[in-house]
Student: 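The structure that follows is given in the form of structure tokens.
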Amino acid sequence: MSSLVWAVGDGMVLAKRNLIRTLRMPDLFMSSLIMPIMSTLLFAYIFGSAIEAPGVSYREFLLAGVFVQTVVFNSVITGAGLAEDIQRGIVDRFRSLPISPYSVLFGRTASDLANNVLSLAVMVLAGLLVGWRIDSSFGEGVAGLLLLLAFAYALSWLLAVVGLSVRAPEVVSNASFMVIMPMSFIANTYVSPEGFPGPLRVIAEWNPVSAVAQAARELFGNTNPAYPPGDTWPLQNPIVASIGWIVLILVIFVPLATHRYRKAVRR
Amino acid sequence: MTAAIVAQGLVKRYGETTALNGFDLEVAEGTVLGLLGPNGAGKTTAVRVFATLIEPDAGHAEVAGLDVVRQARQVRQTIGLSGQYAAVDEMLTGQENLELLGRLHHLGRRGARSRAWELLERFGLTEAANRRLKEYSGGMRRRLDLAGALVARPKVLILDEPTTGLDIRSREATWETVGELVSGGSTLLLTTQYLEEADRFADRIAVIEHGAVLAGGTPDELKNQVGGHRLEVTLSRPADLSRARSVLASVSAGEPVSDAEGHLSVTVTAADGVLVDGIRRLDAAGIEVVDASLRRPTLDDVFLALTGRIVEPPIESSSEKEAQEVVR
């Protein structure tokens, strides 16, 4: 059998192990379900009632932003999980086994993808409850969700590099949030970047999060003349731009994560 | 006899620290080598080189005739590694942990399951098979970790400090397990800070400090290097120490070793009558003796003779008899 088949097979075995772990930590598991629901409801009712644009639904605009932010935040789980496995010596043991380095990383990112599927599912349900609708076709709606998942998957590899580089699992969340907080807010996630001061506006317009949020809005049929996307190329062509970002992140961070994994030992 | 593990001139640096500094080792097939040294001597670094976890900066190492750098993948098919930090998943049950390792060794679903059961039975863990590891005691966890290293029936087994951090009872249980492995005839590299452990299992011992092997040989050879028997006395008044040292110099073959509490230890040339003779001389000099004994040299003495200091026991073991601090 080819080594790729083995790598995928071993990856699935390891993904199953990660999922069993998650299910056995009920507090962690529940919070990964409750957090997305809370974000959806909080943002929908608090921002949704504060920012009122007559005649148009801010809530519809907002939901794609909540979806993106949640999957961006979820990517931290990938980094934290790997860092924890290093600290506990589990990566040492995996690395002493005759398995491909891709197996462990594939297993990790695959189980985090499953987690994101679940997060998105509960957010879609919560969204539907507060009045969000997919105003396009069913196919486009599914495409929008798949795009969000693909972006989340690419970010998992980015955070995998962080998780494999830090000295302790606790550092992952702290270090990542310094990047992830601004990344998810200096964007069109919740408000149009039109009104941002100069440099922030430029960042927001070129932020991959903005492209993905805008692409999701287009695919869900949630675009709104009251919230114009902006004139820059990525926001005018958000689907192409999002796919470009996803490919770029994977091309850079898959080899980088693999390289770091090959060197990773318990410290 | 062919060598199962060979290391020649291994060097590994981490920034300013040199973890391995010209490390040489040879372990013959089917034998047990005890790599003995204090904390930070470079034992774990050496193990990690053999287990292909790190690449040496210089030097060369082979396991079962395979180069650990160029043939890392084949080496991984040959070895079983059990770490000092039980590298098992505490959220999984014992059985799940072993099955996971079996699957990753490509034994297949059914093969992994039956191998897991074999090992659980062999290590007396069948009753705990469906309990999560976080409910295991330290000793049970360590035994499961050992079982994990055996899943693929490795030719070469590497145990990195299998009993460090365990209480006495768990250590005994783990020792029994290691004893069974040893009698099974596999090649075993065992690192340890416990002299007793190396003495008990190893065919040969290599003493490591500052990243290099100071001495090697069978336990008896090493003990012979230190010389004959040791006369140990405990004085009732520590103040008498310096006088006692000079009194005992006449029966001593080397420099006496003493500590502030009034313990004094000297290597003696001949065993016959020396105990009585020594006590008589001390008595004649008016030095009161609380306790006196004559004993064969232990590996403690070996270490002391080689490095000039006694092995400091790991922090976890409170009841180690090597606990006295001895100054020269």
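Residue numbers start from 1 in every chain, and the chains themselves are labelled A, B, ... in the order their sequence lines are given, proteins ahead of strands.
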Student: Looking at every non-hydrogen atom in both residues, tell me the closest pair between P98(A) and Q77(B) and how far apart they are.
Tutor: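 Residues P98(A) and Q77(B), closest heavy atoms: CB-CG, 3.4 Å.
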Student: Is S82(B) close to R93(A) at the side-chain level, that is, under 4.5 Å between some pair of heavy atoms?
Tutor: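 The answer is yes; the side chains approach within 4.5 Å.
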Student: Can you tell which part of I20(A) gets under 4.5 Å to a heavy atom of chain B, answering side chain, backbone, both or neither?
Tutor: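 Looking at I20(A), just its side chain touches chain B.
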Student: With respect to chain A, which residue among V75(B), L104(B), I158(B), L81(B) yields the maximal number of heavy-atom pairs within a distance under 4.5 Å?
Tutor: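 Looking at each of V75(B), L104(B), I158(B), L81(B) in turn, L104(B) comes out on top.
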Student: Which atoms of E96(B) are under 4.5 Å from chain A, going by heavy atoms: the side chain, the backbone, both sets, or neither?
Tutor: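 For E96(B), side-chain heavy atoms alone lie under 4.5 Å from chain A.
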Student: Could you check R21(A), R24(A), R88(A) and say which one makes a salt bridge (charged side-chain N to carboxylate O under 4.0 Å, His left out) with E90(B)?
Tutor: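 The option that passes is R88(A).
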Student: Grab the two heavy atoms, one from R17(A) and one from L100(B), that are nearest each other, plus how far apart they are.
Tutor: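 Between these two residues, the closest heavy atoms are CG-CD2, 4.0 Å.
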Student: Would you say that more than 12 heavy atoms from the other residues, nucleotides or ligands in this model lie under 6.0 Å from the CE of M181(A), or not?
Tutor: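 Count not over threshold, so no.
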Student: In terms of heavy-atom proximity below 4.5 Å to chain A, should A149(B) be classed as side chain, backbone, both, or neither?
Tutor: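 Both backbone and side chain of A149(B) come within 4.5 Å of chain A.
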Student: Is there side-chain contact between L97(A) and H105(B), with heavy atoms separated by less than 4.5 Å?
Tutor: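 Heavy-atom side-chain distance check passes, below 4.5 Å.
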Student: Counting only heavy atoms not in R132(B), do more than 12 fall under 6.0 Å of its CZ?
Tutor: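 Buried by this count: over 12 neighbours within 6.0 Å.
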Student: How many angstroms lie between atom CG of L92(B) and atom CD1 of I90(A), to the nearest 0.5 angstrom?
Tutor: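 The distance works out to 8.0 Å.
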Student: Can you tell me if H259(A) has over 12 outside heavy atoms packed within less than 6.0 Å of its NE2?
Tutor: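 No - once you tally the heavy atoms of other residues, nucleotides and ligands closer than 6.0 Å, there are 12 at most.
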Student: I'd like to check T22(A) versus M91(B) (side-chain heavy atoms, cut-off strictly below 4.5 Å). Are they in contact?
Tutor: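 No, too far: nothing below the 4.5 Å cut-off.
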